[in-house]
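Following: one structure in structure tokens, then a few remarks.
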Amino acid sequence: MKKTHDNVSCAGKLLRRTFYNRDPREVSRDLLGKVLVRRAGRRILAARIVEVEAYLGTDDPAAHSASGRTLRNAVLFGPPGLAYVYFIYGNHYCLNVSCLPDGVAGGVLFRAVEPISGIQSMARARGINLKVRNGNPDQKSLRNLTSGPGKLAQAFGVTRERDNGKDLASLTSDLFIMADDCESPEIQLTSRIGIRKAVDLPLRYIVPGNPFLSVATVRPAKFQ
DNA sequence: TTATAGATTGCCT
DNA sequence: GGCAATCTATAAT
């Protein structure tokens, strides 16, 4: 079913702050199919959002904001539409966008995107040599560019120093999100990935069947 | 093809 | 001091 959401402007429009000033679950749902854009000098990096996770704020044990505001997570408590970037496992950055009004915590984690343009730049940033088949990049190496939160952050050159607190709802920013059509993609809800708490909550939003989804699509059947 | 361990930094207790 | 919203290489099947 194709449907438009009346609070989203279509046809190549920047997502405004009101878009993010909602429950992270609604923002997550509506972010699927939108386009993440990085302006790097004359170059444009663009990729379609195919996988996100909602983090609900102080009531969500798995959220960074669960135990209150700290220096690290302050952006999650700030105004909506700002980039929250954190460093994880000594190796990776992850990109989020803050939701809900100033003073109320909440956010959405970007987990996987599908490259649209700037593919060579993304490959360079990832340190990946794109294999070419019949003149086109090999599907497997293409997929490896952005099929995970750490991967997409690296492909887009996202770091905490550079991007944390950046306004994604401003065209003057070099990092923002656009809607390039009025059709909403098919959406599926699953449990979140890589967390220890609140693992059963269905807060991961994916475009089912998209080849760029992160590798871990199902939580292992481990429990205690 | 799937499972597991190691890397490596900064934030919070 | 412990651990984390991950990725990759390597081992095992």
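By convention in this document, chain letters (A, B, ...) are assigned in the order of the sequence lines, proteins followed by strands, and residues within each chain are numbered from 1.
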To the nearest angstrom, the CD1-C1' distance between A:I193 and C:dA4 comes to 16 Å

Taken to the nearest whole Å, NE2/A:H64 to C1'/C:dC3 is 11 Å

Taken to the nearest whole Å, CG/A:N96 to C1'/C:dA4 is 14 Å

Margin query: When you compare the side chains of A:E53 and A:S28, does any donor N or O come within less than 3.5 Å of an acceptor on the partner?
Written below: no

Of the candidates C:dA5, C:dC7, B:dG10, the side chain of A:I195 sits closest to C:dA5

Quick test of your reading of the model: are A:K166 and A:D174 salt-bridged, counting only N-O distances below 4.0 Å? yes

Report yes if at least one side-chain N or O of A:N73 is closer than 4.0 Å to OP1 or OP2 of C:dA5; otherwise report no. no

So, A:R17 and A:D167, do they make that salt bridge, N to O below 4.0 Å?
-> yes

*With sugar-phosphate meaning primed atoms plus P, OP1 and OP2, does A:G90 contact a base, only sugar-phosphate, or nothing at under 4.0 Å between heavy atoms?*
base

Taking a pair to mean Watson-Crick or G-U wobble geometry with both distances below 3.5 Å, C:dA5 pairs with none

Pairwise P distance, C:dC3 and B:dA5 [rounded to whole Å]: 16 Å

Rounded to whole Å, NZ of A:K140 lies from P of C:dT8 at a distance of 13 Å

Taken to the nearest whole Å, NZ/A:K151 to C1'/C:dT6 is 10 Å

DNA chain B nearest-nucleotide lookup for A:H92 and A:R160: closer to the 5′ end is A:H92

In whole angstroms, the gap separating C1' of C:dT6 from CZ of A:F110 amounts to 18 Å

message = Check the phosphate of C:dT6 against A:R111, side-chain N and O only, distance under 4.0 Å to OP1 or OP2. Yes or no?
response = yes

Closest to the 5' end of DNA chain C, once A:K197 and A:Q154 are matched to their nearest nucleotides, is A:K197

Winner on side-chain proximity to A:F87, out of B:dT9, C:dT6, B:dT13, is B:dT9

Checking A:Q154, A:E161, A:R162 against A:Y93 for side chain to side chain donor-acceptor pair (under 3.5 Å), the one that qualifies is A:E161

Exercise. When all nucleic acid strands are considered with a 4.0 Å heavy-atom cut-off, which category describes A:N144: base, sugar-phosphate, or nothing?
Worked result: sugar-phosphate

Report task. Answer with yes or no whether A:Y89 presents, from its side chain, a donor or acceptor under 3.5 Å of a partner atom in the base of B:dA7. Result -> no

From CG of A:N91 across to P of C:dA9 the rounded distance in Å is 12 Å

Separation of C:dT8 atom C1' from A:L145 atom CG, nearest Å, is 15 Å

Show me the donor-acceptor pairs, under 3.5 Å and distance only, between side chains in residues 79-88 of chain A and residues at least two apart or in other chains.
from: A:Y84; atom 1: OH; to: A:H64; atom 2: ND1; distance (Å): 2.7

